[in-house]
2 protein chains.
Amino acid sequence: MATIYQVSELAGVSLATVSRVMNNNVRVSEATRNKVLQAMEQLGYRPNSIAQSLASSRSNSIGILVSELHGPFYGEMLTGIEAEFRAAGKHVIIAAGHSERATEEDGIEFLLSRNCDALILHVEAVSDQYLIELNKKQTPFVLLNRQIAALADRCISLDNELGGYLATRYLLEQGHRHIAYIAGPMWKTDARDRFHGHQRALAGYQLTAEQALFFEGDFRETGGSKGLQALLASGRPFSAVVCANDEMASGALTAARELGYEVPADFSVMGFDNVNFAYYTYPKLSTIDYPVSAMGQMAARWVLKQVYQQSSIEVQQVFNPQLIPRDSVAEAAIT
Amino acid sequence: MATIYQVSELAGVSLATVSRVMNNNVRVSEATRNKVLQAMEQLGYRPNSIAQSLASSRSNSIGILVSELHGPFYGEMLTGIEAEFRAAGKHVIIAAGHSERATEEDGIEFLLSRNCDALILHVEAVSDQYLIELNKKQTPFVLLNRQIAALADRCISLDNELGGYLATRYLLEQGHRHIAYIAGPMWKTDARDRFHGHQRALAGYQLTAEQALFFEGDFRETGGSKGLQALLASGRPFSAVVCANDEMASGALTAARELGYEVPADFSVMGFDNVNFAYYTYPKLSTIDYPVSAMGQMAARWVLKQVYQQSSIEVQQVFNPQLIPRDSVAEAAIT
DNA sequence: TAGTATTATGTAAGCGCTTTCATTTATAGC
DNA sequence: GCTATAAATGAAAGCGCTTACATAATACTA
């Protein structure tokens, strides 16, 4: 592999000049620039990014920590992030945190040790305090899907409360009055926020959430099916159930079918996230759209702007969910 | 951030010694090793991976190129890869190729310019020739889901032909004799191989694929629904349709329902890949399992073995698909 | 046209490590 | 106790770039 030195020799200029044309910031005369460019071409020169990093103390790499690499949700997120960075010539180092505190902290350590210029974190288990401490260190980071007051300028999140509100309001508008709720793990902020939105929507109709119609699931398919069974077993009547994410909604759908119920004839089901498979379920899942790819992209832009000084970039920090009506919700039968 | 120099000072030894204890290969006396370790501890020293890379001309990073970052398939693959490398302290740089020649080549260039120690490629559009050329360059690579004779030792792939065979044989065993086929884009090797397997299974029963019962899809959902419509429109009777992947099978399922058919009562549907949502469809999709996560992991191991000399590692290059019977296939009605 | 401000280029000192080779120190053999 | 050998450590030369700072070339001013 050719080095900058060989290029400089061939072009008959100094190292510094070659470096300058690469980073075309300082003025180099057209004539020498061309000479250099030609020499590079001729040698098939490609700068050594490692050496560049060491000399400039910029690695041009951004560390990404997500809970999982698979699953419909994170894939979308990564797509948004990668596209944005690749266009900017930066690269992305990825690690998985598996929603466990130790693994997440470990992942952050790992990325830090890789000299990332910035981090994009989708962490769930790590404490606010830990992140606040992390913020005192050199490496800047953005938080996806998390709100911490002390770190507000570093948070990119969805208004989960609004999403929860929209889901339930839609059901109410369809005439439903007995609405069951299958929540996510309540230690997760997004799970809590979604539920609060649900409560607010209910309150708008002078209703409150019934204890018997509440089930705390795990954001997984099995949680949804178990939840539905529990709800049914409670004996309390309901005409609709809102699930705090699509996986659980899908589980609920399957369980309903297996137990001989028909959705939405017997009761309606509402999901959350609008994950790609929501479209494949039967009936197609009515849900709340989580613009996860756009949010990933925005996190990337935040980094471009704050860390790489691309000041012209606009960053949006709070995103709004949107109702996606499909086939799993129907009007409530007249009671 | 503390540097190796400060550690050496604090420990009262030379740079070289510190370096040695880090890479604990050369013998260092217990006493000094402890002194150094303690000094590191005290300073919170973390080696600068960039400097290490430059000095050792090892970046400890592996470039991964997949078609997409989202979608059920690649996510699994990445999970397998990442887990394996992280445990080995290597990191992964990811790029998307979008199944387009230019973007794929571009992605490879990009990863190469990042000084990756090795590449793991899941490329579809790039030519064999290009890869053979690439093989002459420094950076070693493994190919996932591709078979090139000249590069056989670098290929990790599924026996797609066998998969196609298994799918159709299963249908035949269930009594089906008129079997339609919705293929992937036939310029893709895996699409062709799967179809060949289909033909072989048919041949085992003295049957041949009928032209009228063949449709070339695009591996997407829409391809499946269009395909089913076309097959139905052909007027040729069939009692089962095998789809070259799960997405298309899902499309076919949806189309069937919309057209008033019931699966598997009216005809059976077979998928391929056993992608996560295959379980969420209705009816649950009978399919062929593609052990994609295991294959990703194996690609990572190949790299560990060949590039990082972890010679004890065993590598398996060809994987076998497996039949996953679920609900979308039933026995053929007696004709 | 000398004097000054600009612009273009070169020189050389790092960036934080690894690694070869030389040197010192310990261990063993007789 | 003295040499022969092995083990532990140190000195220093890079790895391929970036970037002050210095210098040379050119343009502009009065």
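Both backbone and side-chain heavy atoms feed into the values below; hydrogens, waters and symmetry mates do not. Letters A, B, ... mirror the listed sequences (proteins, then strands); counts begin at 1.
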*Distance check: side-chain N/O of Thr32(B) vs OP1/OP2 of dT9(D), anything under 4.0 Å?*
yes

*For Tyr5(B) and dA12(D), is the shortest distance between a side-chain N/O and OP1 or OP2 below 4.0 Å?*
no

*Quickly work out the Glu30(A) CD to dA8(C) P distance and round it to whole Å.*
10 Å

*Output yes when at least one side-chain N/O atom of Ser53(A) is less than 4.0 Å from OP1 or OP2 of dC15(C), else no.*
no

*asked:* The side chain of Asn48(A) is closest to which nucleotide in this list: dA8(C), dC17(D), dT11(C)?
replied: dC17(D)

_So, does Ser19(B) get its side chain near the phosphate of dT18(C), meaning an N or O under 4.0 Å from OP1 or OP2?_
yes

*Send over the distance from Leu54(B) CG to dA13(D) P, rounded to a whole Å.*
17 Å

*Among dT19(C), dC17(D), dG10(C), find the nucleotide with the atom closest to the side chain of Ala51(A).*
dC17(D)

*Take the protein atom NZ of Lys35(B) and the nucleotide atom C1' of dG10(D), then report the distance between them rounded to whole Å.*
13 Å

*Is it true that Asp190(B) and Arg146(B) have a side-chain N and a carboxylate O under 4.0 angstrom from each other?*
no

*If only side-chain N and O atoms of Ser49(B) are considered, is one of them under 4.0 Å from the OP1 or OP2 phosphate oxygen of dC17(C)?*
no

*With a 3.5 Å cut-off and no angle check, do the side chains of Glu124(A) and Ser67(A) form a donor-acceptor pair?*
yes

*Test side chain to side chain contact (heavy atoms under 4.5 Å, CB included) on Phe219(B) and Lys188(B) and set out the steps.*
CA-CA 10 Å; Phe219(B) 272 155; Lys188(B) 296 193 180 182; 4.1 Å; yes

*Can you tell me how far C1' of dT20(C) sits from CG of Asn23(B), to the nearest Å?*
15 Å

*Please report, rounded to the nearest Å, how far the C1' atom of dG16(D) is from the CZ atom of Arg46(A).*
15 Å

*asked:* On DNA chain D, does the nearest nucleotide to Thr17(B) precede the nearest nucleotide to Ala55(B) from the 5' side, or the other way round? Give the residue.
replied: Thr17(B)

*Any side-chain donor-acceptor pair under 3.5 Å between Asn145(A) and Ser157(A)?*
no

*Tell me whether the centres of the aromatic rings in His91(A) and Phe85(A) are closer together than 6.0 Å.*
no

_Between dG16(C) (P) and Met22(B) (CE): distance, integer Å_ = 13 Å

*Hey, does Val13(B) reach any base, or is it just sugar-phosphate, or nothing, if we go heavy atoms under 4.0 Å?*
sugar-phosphate

*Measure the distance from CD1 on Ile4(A) to P on dT11(C) and round it to the nearest whole Å.*
14 Å

*Is there a side-chain polar atom (N or O) of Ser14(B) under 4.0 Å from OP1 or OP2 of dT9(D)?*
no

_Check for me whether the distance between the ring centres of Tyr290(A) and Phe319(A) falls short of 6.0 Å._
no

*Look at the side chain of Ser56(A) and decide which nucleotide, out of dT19(D), dG10(C), dT18(C), has an atom nearest to it.*
dT19(D)

*Side chain of Ala16(B) only, please: which of dG10(C), dG10(D), dT18(C) is the nearest?*
dG10(D)

*Quick one: Leu15(A) CG to dG14(C) P, roughly how many Å, whole number?*
16 Å

*Residue Arg20(A), side-chain atoms from C-beta onward, closest of dG10(C), dT9(D), dG16(D)*: dG10(C)

